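The structure under discussion appears below in the form of structure tokens.
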Amino acid sequence: MKGMRFAFLCKEKPEKNGKKIAIIGAGPAGLSAAGYLVCHGYDVHIYDKLPEPGGLMLFGIPEFRIPIYRVRKGYEELKNIFEVTFYPKTKVISSKKEEEGDEFVENFVEFEELVKEYDAVLIATGTWESTIPKIEGVELDGVYPALDYLFKIKSAKLGHVSWEEVPKIDGKSVVVVGAGHTAVDAAMESLLLGAERVYLVYRRTINEAPAGAYEINLLKQRGVRWLELATPVRIIGEYGKVKAIELQKCKLGEPDESGRRRPIPIEGSNFQIDVDMVVFAVGQKATPPFNEDIGIAVDKKGRIVVDSRHMTSREGVFAAGDVVIGPSKVGRAVLDGLVAAESMHMWLSGR
Amino acid sequence: MRRLLHVDYSLCIGCETCQGVCEFIHHGKPNIRIYYTMSGLPIPINCRHCEKAPCMEVCPSNAIYKDSDGAVIIDPKKCIGCLMCLAVCPFGAPSFDVRVKVVTKCDMCADRRRVGMEPACSEMCPAEAIFFGKPEEIEDEIRMRTAEKIARERISSKSLEGVGRLL
Ligand code: SF4
Ligand code: SF4
């Protein structure tokens with residue numbers, strides 16, 4: 001039962017080189033970058049809004065996939081052996097803005113201050129804003145963005161909040177909208193927490209499901225009701241709480257720009273199911289530590305734009321992981337963090 | 001001393017971290033890669049450092065040898081690039097490297113082991129699905145994980161019968 005060795009590139013801490021780097025975000029990209037940098041003698045400070053490092057590996061992905069000890073022991077090694085300084089519950093921002101996972105924030109740090117204080121800055125803040133479709137009833141009690149839902153469950157499991165603060169799932173009917181990894185995880189956690197009924201609703205078919213047919217079939221085996229070719233049109237409430245969801249059937253049309261066949265809603269095919277909770281797992285957006293123009297370019301989707309050196313449009317400010325590439329796998333973020341750290345090292349040593 | 005590098009497919013979550021770190025230390029050419037099956041299941045494929053390695057037996061130029069930990073290694077100076085090892089490997093692990101024009105594959109991180117570190121994939125796998133160590137140590141760890149899983153199932157839930165090791 002060992003921890004992830006984020007500093008896998010070296011056996012022991014080398015001599016310090018006197019340079020200081022700030023990393024914003026302690027997820028897989030930030031921690032791997034920190035691992036690279038401490039192995040090259042840098043002093044690394046990591047700022048993160050959550051109460052402990054790990055990002056989605058701890059606060060999103062269920063523990064039956066990634067064991068909690070694996071991440072905890074991993075960042076403890078960075079802290080205790082490699083002397084990385086962690087600033088938890090600390091949000092770096094150029095002006096205040098809210099997104100999921102903000103509950104724990106106690107301190108705010110100005111982005112510009114970091115740029116001034118450190119030799120280089122790495123932004124690895126991920127994608128912490130869930131997309132919620134603009135339909136009737138999304139404001140009702142019982143509607144959750146999937147990340148928020150998983151975040152609350154994991155926060156309780158990790159001991160940061162009491163179970164009182166987690167939505168009561170035991171005995172409830174839950175509908176999860178989406179078919180990616182987050183949707184699958186939300187459905188699975190619902191089952192494990194004793195939901196009476198769990199529905200998974202997807203507008204395409206199992207063949208297009210981003211999580212893959214295997215994961216969907218596994219859920220079906222465990223009693224999840226899979227409703228494909230259906231899309232939510234409104235959520236029906238009673239006394240401010242979710243009571244039912246109205247879905248519309250779809251058929252598949254021509255392929256769209258993603259190469260997958262476009263779902264087309266079928267007129268007059270609406271139907272309702274009674275549910276207590278609606279969880280939307282239909283995508284997440286990049287959350288850079290600024291929401292105004294501070295000279296760092298972002299693309300149409302809000303992702304930070306970097307050059308081949310992983311540098312943003314501001315000299316000395318680098319970015320890596322999901323905040324650059326969009327929601328991706330842990331391994332993709334790890335690799336991106338390593339490559340960015342290597343490039344920071346090159347830049348700082350004048351190569 | 002014999003060491004195993006063992007991937008437990010039932011614990012793998014397909015996160016691609018092993019591939020990412022391997023790609024990083026091998027400058028863009030990972031020796032462990034995730035393949036997605038038709039049913040959408042991610043499977044990491046790498047050299048399993050066979051005890052009776054068919055690749056080693058078939059190599060016409062004796063380029064493949066075993067080191068003291070039992071890692072099966074290709075000597076790039078002796079390899080003639082005939083791909084016989086790929087032909088007989090049950091896992092398709094050997095890979096022709098167009099840059100150096102010989103066949104390369106996982107060497108169980110020989111450089112790292114020399115200085116007392118473990119293969120990078122096993123150090124970084126978030127799911128701890130890749131095991132490295134003495135055979136009996138690894139087997140204990142796997143059984144320990146299985147015990148944890150059984151405990152979790154017994155504690156947590158009513159409706160989970162007939163599940164794989166993953167849960
Ligand atoms: S790092 Fe581990 S869990 Fe992730 S793909 Fe590789 S073997 Fe599977
Ligand atoms: S290359 Fe293939 S045959 Fe050779 S040791 Fe590895 S897995 Fe076995």
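Note that this is a predicted model, so its numbers are computed, not measured. Numbers restart at 1 for each chain; the letters A, B, ... are given by sequence-line order, proteins then strands.
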- Under 4.5 Å from any heavy atom of chain A - which part of B:S122: backbone

- Task: Go through the atoms of B:E128 and report whether side chain, backbone, both or neither lie under 4.5 Å from a heavy atom of chain A.
- Result: both

- Looking at B:A127, B:C125, B:P42, B:C18, which one has more heavy-atom pairs under 4.5 Å with chain A than the rest? B:C125

- Select all residues of residues 89-99 of chain B having any heavy atom within less than 4.5 Å of some heavy atom of chain A, and report them by number, or 'none'. none

- Might you confirm whether atom NZ of A:K220 has over 12 heavy atoms from other residues, nucleotides or ligands at distances under 6.0 Å? yes

- Select, from A:C10, A:G74, A:G3, the one with the greatest count of heavy-atom pairs under 4.5 Å involving chain B. A:C10

- Message: Please report the interatomic distance CE(A:M57) to OG1(B:T17), rounded to the nearest 0.5 Å.
- Response: 8.0 Å

- Task: Not counting sequence neighbours, list each pair that qualifies as a salt bridge (Lys or Arg N to Asp or Glu O under 4.0 Å) and has a residue in residues 26-52 of chain B.
- Result: B:R2-B:E51, B:E51-B:K66

- Message: Please check: side-chain N/O of A:R5 versus main-chain N/O of B:M117, any donor-acceptor pairing under 3.5 Å?
- Response: no

- chain B interface, residue from A:G331, A:P28, A:A333 that has the most non-hydrogen pairs under 4.5 Å: A:G331

- Item | Per-residue contact mode, A:I216 against chain B (heavy atom under 4.5 angstrom) | neither

- Message: So which residue, B:Q19, B:E141, B:R112, ends up with the most heavy-atom pairs under 4.5 Å with chain A?
- Response: B:R112

- Message: Give me the atom names and distance for the closest heavy-atom approach of B:P126 to A:P67.
- Response: O-CD, 3.5 Å

- Using non-hydrogen atoms only, which part of A:V334 is less than 4.5 Å away from chain B: side chain, backbone, both, or neither? side chain

- Message: Using heavy-atom distances under 4.5 Å, tell me whether B:I25 contacts chain A through its side chain, its backbone, both, or neither.
- Response: side chain

- Item | B:E148 CD to A:F64 CZ distance, which is reported to the nearest 0.5 Å | 15.5 Å

- A:L9 versus B:F24: any side-chain heavy-atom pair under 4.5 Å? yes

- Query: Which bit of A:S32 is near chain B, if near means a heavy-atom gap under 4.5 Å: side chain, backbone, both or neither?
  - Reply: side chain

- So, do B:V21 and A:L335 sit near enough that their side-chain heavy atoms are less than 4.5 Å apart? no

- Item | Straight-line distance of A:K11 NZ to B:E118 CD, nearest 0.5 Å | 11.0 Å

- Task: Considering only NZ, NE, NH1 and NH2 on the basic side and carboxylate oxygens on the acidic side, decide whether B:E23 and A:R332 come within less than 4.0 Å.
- Result: no

- Rounded to the nearest 0.5 angstrom, the CD1-OH distance for B:I43 and A:Y214 is 8.5 Å

- Task: Please name the pair of heavy atoms, one in A:F8 and one in B:M124, separated by the smallest distance, quoted to 0.1 Å.
- Result: CD2-CG, 3.6 Å

- Message: Test your reading of the model: is there a side-chain donor-acceptor pair from A:K329 to the backbone of B:G14, 3.5 Å cut-off?
- Response: yes

